[in-house]
Amino acid sequence: MADHTSRRLPLAVLSFGLGLAAILGAWGFQIFGGYSPCKLCLEQRIPYYLSLPVLLVAILLLAARKSTGLARALLVLAGVIFLVGLGLGIYHAGVEWKFWLGPADCGGGLTTTSNAGDLLAQVNKTKVVSCTDAALRVLGLSFAGWNAVVSAVIAALLLRAGLRRA
């Protein structure tokens, strides 16, 4: 039987590169592009924050040819996390297309105050970002839509790499 570790590693590295590019792109659009993320946008980043470190450990194990079983389990775990990211992206894109309602609190981050003067000052400084409005569409897809596509691709690559028989 052929050693599939050499086939798993490129898929894992490609997945890591795609995931890293996606999360850095999200941060770039926020910091340099001036696109403020809404609550659902921020939630869609969580799978990247969870899965990329897991994936990095799997890559290191595969590269060292150590604990292949653990590496495979980590690839599957990261793939499942990206499936959650796919679900979050689809949900948010559906909210943007008005297919279904988003969360009631998805409109901005105001905290309450007991002083009416402070409240007015706070409202004037707070930029409310709605989950229902796509900040930008590229080829018909919003950031949420593209996140769903990227998450689906990464999940497919990782599940293929992790579930492939040895």
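Count residues from 1 along the sequence.
Residue Pro47 comes nearest to Ile81 through the heavy atom pair O-CG2, 3.5 Å, listed as atom of the first residue, atom of the second, then distance. Scanning all heavy atoms of the two residues, the minimum distance from Arg45 to Ala26 falls at NH2-O, 3.5 Å.
Partners of Ala71 by side chain to side chain contact (heavy atoms under 4.5 Å, CB included), not counting sequence neighbours, listed by chain and number: Leu61, Leu62. For Leu83, the side chain to side chain contact (heavy atoms under 4.5 Å, CB included) partners two or more places apart in sequence, or in a different chain, are Leu86, Ala155, Leu159. Scored by the side chain to side chain contact (heavy atoms under 4.5 Å, CB included) test, Phe32 finds no partners at all (sequence neighbours excluded). Applying the side chain to side chain contact (heavy atoms under 4.5 Å, CB included) test to Ile46 and every residue at least two apart in sequence or in another chain returns Leu50.
Between Phe16 atom CZ and Leu9 atom CG the span is 12.5 Å, to the nearest 0.5 Å. Atoms CG and CG, from Leu60 and Leu74 in turn, are 10.5 Å apart once rounded to the nearest 0.5 Å.
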Original post:
Passes side-chain contact (heavy atoms from CB on, under 4.5 Å), Asn147 versus His92? Steps please.
Top reply: CA-CA 10 Å; Asn147 177 55; His92 189 188; over 6 Å; no
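Of the possible polar contacts, none joining the Arg164 side chain to the Arg72 backbone as a donor-acceptor pair under 3.5 Å is found. No side-chain donor-acceptor contact under 3.5 Å links Trp146 to the backbone of Ala22.
Relative ring orientation between Phe82 and Tyr48 is described as perpendicular, the plane-to-plane angle rising above 60° on a 0-90° scale split at 30° and 60°.
Hydrophobic cluster membership is shared by Leu24 and Tyr49, with clusters built from Ile, Leu, Val, Met, Phe, Trp and Tyr side chains linked at under 4.5 angstrom. Note on Val150 and Leu20: same hydrophobic cluster, where clusters join Ile, Leu, Val, Met, Phe, Trp and Tyr whose side-chain heavy atoms are under 4.5 Å apart, directly or indirectly.
Partner of Ser15 under the side-chain contact (heavy atoms from CB on, under 4.5 Å) criterion, chosen from Leu55, Ile59, Leu75: Leu55.
Cluster partners of Leu88 are Val84, counting Ile, Leu, Val, Met, Phe, Trp and Tyr whose side-chain heavy atoms approach within less than 4.5 Å, directly or via other members.
With a 6.0 Å radius and a threshold of 12 heavy atoms from other residues, nucleotides or ligands, Arg160 has its CZ atom at or below the threshold.
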